[in-house]
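Since the structure comes first, as structure tokens, the remarks are kept for the end.
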Amino acid sequence: MSLDDTDRQLLGLLQVDARMPIKTLAEHIGLSAPGTADRLRRLEERGIIRAYTIEVDPHALGYSLQAIVRIKPLPGKLSAVMKVLETIPELSECDKVTGDDCFIARLHLRSIEHLDFILARIVDKAETNSAIVKSQPVTRRLPAF
């Protein structure tokens, strides 16, 4: 999908602050407020903007650790593992991948014991390999647009 410079500016501004008022967006990109609202509507209709959201700091909610867990379901257990993963609230994202493992998940944890408690839910359905995240030098971001 092609984006012009104005669309790119809008997306960049919204990436910094998804709650920025239309009037402020319009001032930054040099359009009227109705013109800016129309641009946003078209970006939404095209599926480029899927949601306006917030970013919450898990640490502020008591989750002091993060773990990346590679998950390899046992034979015949793929569906069962997927169902369990969908029910784990500490799991913030999970990708189904190619290779030896089927899933790579990011968990937010209160302690190492918390990780053990969560993994106990799938130990009879999958092999796991966990790594504790020390830092995140590159946080989740959009690809270039």
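Note that the coordinates shown come from a computational prediction; the quantities given were computed from them, not determined experimentally. Keep in mind that the numbers below use all heavy atoms, side chains included, and drop hydrogens, waters and symmetry copies.
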Problem set entry | side chain to side chain contact (heavy atoms under 4.5 Å, CB included) evaluation trace for I118 with H114 | CA-CA 6 Å; I118 292 169; H114 192 189; 3.8 Å; yes
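- Residue L91 is grouped with residue I132 when hydrophobic side chains (ILVMFWY) are merged at heavy-atom distances under 4.5 angstrom, including chains of intermediate members.
- Looking at heavy atoms from C-beta onward, R121 lies in side-chain contact with T87 at the 4.5 angstrom threshold.
- M82 approaches K96 most closely through the heavy-atom pair SD-NZ, 4.4 Å.
- Distance CG/L107 to SG/C94: 8.5 Å, rounded to 0.5 Å.
- Under a cut-off of 6.0 angstrom, the local environment of CG in D17 is crowded, with over 12 non-hydrogen atoms contributed by other residues, nucleotides or ligands.
- Pairing each heavy atom of Y52 with each of L40, the nearest pair is OH-CD2, 4.0 Å.
- Across N129, L115, L85, a single residue satisfies side chain to side chain contact (heavy atoms under 4.5 Å, CB included) together with V69, and that is L115.
- Legend: residues meeting salt bridge (Lys or Arg N to Asp or Glu O under 4.0 Å) with E86, ordered by chain and number and at least two apart, are absent.
- Between R46 and D7 there is a side-chain heavy-atom pair separated by less than 4.5 Å.
- Linking ILVMFWY side-chain heavy atoms closer than 4.5 Å, directly or via other members, places I112 and L109 in a single hydrophobic cluster.
- The cationic group of R110 lies under 6.0 Å from the six-membered ring centre of Y63 and within 45° of the ring axis, placing it in a cation-pi geometry.
- In the hydrophobic cluster analysis, where Ile, Leu, Val, Met, Phe, Trp and Tyr join through side-chain heavy atoms closer than 4.5 angstrom, L119 is grouped together with F117.
- Closest of all the heavy-atom pairs between G35 and S32 is N-OG, 3.0 Å.
- D4 meets the salt bridge (Lys or Arg N to Asp or Glu O under 4.0 Å) test with R39; sequence neighbours excluded.
- Judged by distance alone, with hydrogens and angles left aside, the side-chain atoms of D95 form no donor-acceptor pair with the main-chain N or O of V97 at under 3.5 Å.
- The shortest heavy-atom contact between M20 and L13 is CE-O, 4.0 Å.
- Between T128 and F103, the closest side-chain pair of non-hydrogen atoms is not below 4.5 Å.
- Between K77 and K125, the shortest heavy-atom distance links the atoms CB-O, 3.4 Å.
- Both L142 and I29 sit in one connected hydrophobic cluster of ILVMFWY residues. Membership requires side-chain heavy atoms under 4.5 Å apart, directly or through other members.
- Rounding to the nearest 0.5 Å places CZ of R70 at 10.5 Å from CD of E127.
- Taking every heavy atom of both residues into account, I71 and I122 meet most closely at CG2-CD1, 4.1 Å.
- Other residues, nucleotides and ligands contribute at most 12 non-hydrogen atoms within 6.0 Å of the CD atom of E55.
- L10 has its side chain out of reach of I49: every pair of non-hydrogen atoms, C-beta onward, lies at least 4.5 Å apart.
- Remark: L31 CG to T36 OG1 distance equals 4.5 Å, nearest 0.5 Å.
- Contact annotation: the side chain of K72 never approaches that of C102 to less than 4.5 Å [non-hydrogen atoms, C-beta and beyond].
- In the hydrophobic clustering of this structure, V123 does not group with I104; members are Ile, Leu, Val, Met, Phe, Trp, Tyr whose side-chain heavy atoms approach within less than 4.5 Å, directly or through other members.
- Side-chain atoms of Q15 and L11, non-hydrogen and from C-beta on, never get closer than 4.5 Å to each other.
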